[in-house]
Amino acid sequence: MNDVVNGCNGHHDDGHPGSGHEEGQRFLAEAFRAIVEEAICKGVDAKEKVCEWQDPADLSALLDLDLRDDGESHDQLLRRVRDVAKYSVKTSHPRFFNQLFAGVDYHALAGRVLTETLNTSQYTYEVAPVFVLMESVVLQKLRSLVGWREGDGIFCPGGSMSNMFGMNVARFRAFPGVKQQGMWALPRLAVFTSAESHYSVKKSASFLGIGTDNVFIVKVDKRGCMVPEDLVAKIEDAKSQGAEPFFVSATSGTTVQGAFDPLDRIADVCQERGLWMHVDAAWGGSALFSKKHKHLVKGIQRADSVAWNPHKMLTTGLQCSVFLTKDTTNLLKQCHCANATYLFQQDKFYDINLDTGDKTIQCGRKVDCLKLWLMWKAVGTKGLAERVDRAFANARYLAEEMEKREGFELVGEPQFVNVCFWFVPPSLRGKKNSADYSEQLSKVAPAIKERMVKRGTMMVGYQPLNGLVNFFRMVVHSPQVSQKDLDFFLDEIEHLGSDL
Ligand code: ABU
């Protein structure tokens with residue numbers, strides 16, 4: 001820490017008065033100290049709160065958010081850094097189970113800090129030489145886990161964008177004229193996805209001008225997996241309405257239940273009809289690391305494209321999402337490129353294929369590969385596989401413990417690391433047949449959530465789903481979570497719900 005505080009070994013300034021380097025580097029060193037103490041050390045300490053809850057008006061006043069004409073002192077600014085850390089939710093905390101991301105990987109975090117510090121854009125080799133080569137290696141490695149020896153891909157700003165790239169590239173393959181002629185080149189198009197797929201499929205259809213009415217929702221079974229027979233029925237239905245099917249988005253690891261669609265059977269349907277098969281494996285893709293659990297994504301290699309978010313189960317930190325395709329005909333670039341002459345000059349002194357930035361719809365693009373690469377270097381493929389296996393084992397442990405305790409009722413047997421359950425408080429036990437049981441049960445999860453957030457002891461999400469009233473979705477995947485944390489979780493739910 002002292003080395004950090006000492007800055008650049010005494011080489012603070014460039015000699016030019018007023019450059020601000022010396023002062024800036026001193027601030028940075030002290031800010032780093034505050035960040036390590038407040039956000040990292042306290043952030044992972046089970047004895048600390050997950051969240052220092054404040055009502056919005058109080059928080060706004062506490063933080064003194066107004067921006068003024070004059071700048072503040074060094075000490076005031078350091079207090080601001082500490083306050084931001086103090087009042088933010090500690091997603092690295094071992095009792096943060098609220099989202100599909102959690103925990104911290106220190107090597108990945110070092111990669112995140114270095115990425116921010118180097119502050120470049122991942123579009124050309126000339127400004128991002130290390131990262132262009134690194135991105136290519138990481139994408140190739142992820143593709144090989146999917147089961148493809150060749151293909152293409154790009155890091156995207158989040159899984160929704162990766163899913164949208166799948167839809168856009170699929171449409172371009174089917175109707176290349178769309179890039180120039182827009183909607184004039186298109187018939188009414190039809191997209192297919194399951195009732196429990198991610199909302200980004202509908203958002204993409206809206207954004208791309210396909211329209212949410214043209215997203216045909218395929219039925220799921222009780223576990224939340226797409227029913228292939230209904231996919232066939234929905235394709236026939238779309239055709240009978242005069243729409244042209246072109247894209248099926250299957251899901252590996254649905255957001256709420258963690259369900260895996262039957263990819264081989266969906267691939268058969270797509271193959272017979274010449275439809276682009278995309279797999280939203282943003283959440284469940286990481287099962288590919290595990291010899292024991294990768295059967296869940298059996299058939300994924302038959303897809304045309306895959307979205308996968310290492311920032312979820314692999315704990316790289318937000319955001320780290322890839323769009324992968326097995327296409328080898330340069331579809332991704334042809335679909336998205338605009339050939340800006342000030343970035344992608346054709347007469348450069350190096351191989352211009354290294355200027356990968358025109359494969360995406362972005363111009364400036366954040367470097368998202370370094371955190372994953374450094375973490376992967378640190379623990380190896382075996383280390384990542386162990387993490388995935390540990391997450392499955394923790395989820396199993398939690399589900400089994402719930403079965404032993406009164407009041408915990410699983411929504412279904414977990415397929416993945418999402419453990420969905422109702423907590424039935426003492427006052428509702430044995431009253432399933434009473435007329436207002438569902439209504440009363442629906443109020444339990446929000447009430448417990450409010451109490452846990454205000455106490456700051458833990459965070460877990462809840463939602464209704466397909467006619468089921470509010471239930472908790474416990475997501476167990478951070479490598480920092482121990483069985484002790486899971487026991488604490490169960491005790492705390494019992495405690496918070498004991499008088500409801
Ligand atoms: N992209 C879906 C993630 C939402 C969640 O964390 O639950």
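Note that ligands are numbered from 1 as they come in the structure, with each ligand's atoms numbered from 1 the same way.
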Carboxylate-amine/guanidinium proximity below 4.0 Å for K90 and E48: no

Could you work out, with salt bridge (Lys or Arg N to Asp or Glu O under 4.0 Å) as the rule, every residue matching D237, not counting sequence neighbours? none

Which protein N or O atoms sit under 3.5 Å from any N or O of ligand 1? Give atom names and distances.
{"unit_1": "ligand 1", "atom_1": "1 (N)", "unit_2": "H198", "atom_2": "NE2", "d": "3.2"}
{"unit_1": "ligand 1", "atom_1": "1 (N)", "unit_2": "K312", "atom_2": "NZ", "d": "3.3"}
{"unit_1": "ligand 1", "atom_1": "6 (O)", "unit_2": "Q99", "atom_2": "NE2", "d": "2.9"}
{"unit_1": "ligand 1", "atom_1": "6 (O)", "unit_2": "L100", "atom_2": "N", "d": "3.0"}
{"unit_1": "ligand 1", "atom_1": "7 (O)", "unit_2": "Q99", "atom_2": "NE2", "d": "3.4"}
{"unit_1": "ligand 1", "atom_1": "7 (O)", "unit_2": "R473", "atom_2": "NH1", "d": "3.0"}
{"unit_1": "ligand 1", "atom_1": "7 (O)", "unit_2": "R473", "atom_2": "NH2", "d": "2.8"}

Taking the basic N atoms (NZ, or NE/NH1/NH2) and the acidic carboxylate oxygens, is any pair closer than 4.0 Å for E38 and R82? yes

Kindly check if the number of other-residue, nucleotide or ligand heavy atoms within 6.0 Å of NZ (K202) is above 12? no

Got a salt bridge between K366 and E116, using NZ or NE/NH1/NH2 to carboxylate O under 4.0 Å? yes

Evaluate the criterion salt bridge (Lys or Arg N to Asp or Glu O under 4.0 Å) for residue pair E229 and K234; output intermediate values, then yes/no. CA-CA 9 Å; E229 292 77 9; K234 291 290 163 23; over 6 Å; no

